[in-house]
J.: 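The structure follows.
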Amino acid sequence: MRGYVLRALLSKEARRVGAHRGTLGMVLLLLVSAALLSFAGARALEGALGSGSANVCVIDTWDASPWVSHLRARVPPELRARIRFREVAAQPGMIRYPNGAVGIQLRPNEDIGGYKIWTWHPPGAAEAAAWCEAWLWRETRSHFLDEVSVDAGTRALLLRDIGAIDSRDDAWALREAHARFRQRIDPEGTKVPRFDVERSPFRSVSGAGAREAVAMALTLLGLFFVGIFLLPSMTCEERERGVLAAIALSPASAAEIVAARLGFYFLFAFGLAATLGGIAAPLALARPFFWAVLAVVALASVSIGFTVASLAKTQRGASLGALSYLFATGVLLITGKDSVLEPVTWLLVERHGPELLLAGLSGVVRGAQWLQLGFTAALAVVWAGVASLAYRRFGWR
Amino acid sequence: MTVALRLEALTVRYRDFVAVDALDLEIEKGELFALLGPNGAGKSTTLRVLTGQLAPSGGRAYVLGHDVGRDFARVKPRLGYVPDRDNHFEELTGRKNLELFADLYRADRARVRECLSLVELDDAADLPVRGYSQGMRRKLLVARAFLHQPELVYLDEPTANLDVHSARLFRRVLSELARAGTTVLLTTHDMAEVDEICTRVAVLRRGRRIALGTPAELKQKHTQHVVDVVLAGGAERAFDLSDAAARRELAELVEAGRVLGLKSRAQDLEAAFVDIVSREGP
């Protein structure tokens, strides 16, 4: 490796990128997005990300009381695919809910001689559980009304007067409504248990909030834009124009060309991602884990991009190659989850990168994630080797 | 004389198609050598092998004493190459393009200015190449090829798209380079250009060498020695002077005063080239 050759090639890359308006525009857009994110309030972000209704409602139970049995038996056919009961006693440790689900926990509570009904919803989106709660409260009242003798008119009235269930913090209203219901049909309190009612937003396992999630997405976009889109596009443009052949005919060796290109785009991806992450979540810049993750994911993304650039003959081929790669990995990650393909997804940098970046941005790093980082670094090194071989074999001819 | 380039049974195959067929060739240092042939004759394929862009299927190519297939890295800093289509960084200026290659060859900035001046691109040097005409782009290619003062230069149709003045300037530059010891190998379809500046010529057809010699030798050997005669009464006839009977008949007609006009077909390389290629069949 000769310093003057590397300097000349690095300078060439910088001049080309600096003269490319599309690249500058995209970089500016990412930086503005990160700046806007840093000004946006956390609640606004959570609201923006958490709107909509959940597809699934997981009801966690700790006993098999007649009330719980009633609920299990009275799920209407149209909701059977969406309401799932789960025995929590058999699952020690942290209770986890799948993506897109809300949870309702029916926890026996000896302190009050009844139950705590605890609804868990996405941050800023309490309304996501409203449909499930409406069903639960109606069937709960139906069950206890069956236990006492009331006339049909009163029964119908009590079934309608459940209490407001919407996006407001109305747990107190539900609590009061149940207290009134209990007082009315069971003044002695022998048949209708007391209920404490609470609602809470989910907490991410990583400890990251909406801000870190958006910062992670922007950082990842910056890395993939430079490594998997820009690098193949610029490289194949040079090949199509014959400039790559001209460089290859100069004293620059194949190793120097590869090193300069990988080096420049690695530094560009790393610098852009660090800037984006730093603007959106400034505290991340003080965490070595964040820097280590950036380095690993930047190396992986430019190596993948370089492999695409070596295999694709034209600029159009490079764009399609990059798009196909990202699409294929996306499909594999989605379909591979909880299936026989799951071990294969472990070989994808895209599986580990987002998790590790999120940990780096939020500062909540579990011990196993250092191991995961090491594994991802090994994947990045393998990709760098593949890129180098592919370039030597197909790169500029 | 020192041999600058030697091809030994060089062969290039694309599946069943033989693009270069056991080509033997030797070019001496300081020669200005032209590789001629109709389209698809194998000229550009040969240049692609010589510039390391294509591995030969058989045979050897030695350039400046090194086997191109095995030791190209040692050869390429000593080569200059003008490809058949321009390959510049479009978004950069002409000067920046040259400066990049000057840095790679460790040539100084003064040499960049010299080369820009050599091809008369001084005024447009600081404009982006995307605004250049085809002729200006070719001039920039030539400037780039000469930046590092190479010992051997390959030129693939170097004067295509150049105006008459620039083409003439370019031929003068090539001749001066050759006189200074630089070996030049060019491919072109411009026979006047070859006739004017080249010391030797090889003609290829279907990947095989079918003629080799100086332009004068080829003209001598392959041009018809014919005169066109206008006879009294307006009739026109052609006499082949290589035929003794035709020579006698023409002399008699002249003696009899029946020849009103007589014009010799000038020896030209284009006619020789057509003759060489047509003798090989369609």
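So that the names make sense, note that chain A is the first sequence line, chain B the second, and so on, each numbered from 1. The figures that follow rest on heavy atoms only: side chains count, while hydrogens, waters and symmetry mates do not.
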J.: Give me each pair satisfying salt bridge (Lys or Arg N to Asp or Glu O under 4.0 Å) with a member in residues 18-37 of chain A, each pair once, sequence neighbours excluded.
T.: none
J.: Identify the residue among A:L9, A:V302, A:V17, A:L6 that makes a side-chain contact (heavy atoms from CB on, under 4.5 Å) with A:F264.
T.: A:V17
J.: What are the residues of residues 79-101 of chain B, in order of number, with any heavy atom under 4.5 angstrom from a heavy atom of chain A?
T.: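 Listed by number, the contacting residues are B:Y81, B:R85, B:D86, B:N87, B:H88, B:F89, B:E90, B:E91, B:L92, B:K96, B:E99, B:L100, B:F101.
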J.: Assess, by modelled atom type and distance only, whether the side chains of A:S233 and A:Q315 contain a donor and an acceptor separated by less than 3.5 Å.
T.: yes
J.: Which residue out of A:A252, A:S250, A:A8 racks up the most heavy-atom pairs below 4.5 Å with chain B?
T.: A:S250
J.: Would you call the rings of A:Y265 and A:F268 parallel, tilted or perpendicular, where under 30° means parallel and over 60° means perpendicular?
T.: tilted
J.: For B:R144, is it the side chain, the backbone, both or neither that has a heavy atom under 4.5 Å from a heavy atom of chain A?
T.: side chain
J.: Between B:E151 and B:R78, does at least one N-O distance fall below 4.0 Å, as a salt bridge requires?
T.: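 Salt bridge flag = yes for B:R78 with B:E151.
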J.: Are side-chain N/O atoms of B:D156 and B:S44 paired as donor and acceptor at under 3.5 Å?
T.: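 The criterion, which ignores hydrogens and geometry beyond distance, is satisfied for B:S44 and B:D156.
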J.: Does any backbone or side-chain atom of A:E256 lie under 4.5 Å from a heavy atom of chain B? Answer side chain, backbone, both or neither.
T.: neither
J.: On the six-membered ring of B:F33, is B:R200 placed so that its NZ or CZ lies under 6.0 angstrom from the centre and within 45° of the ring axis?
T.: no
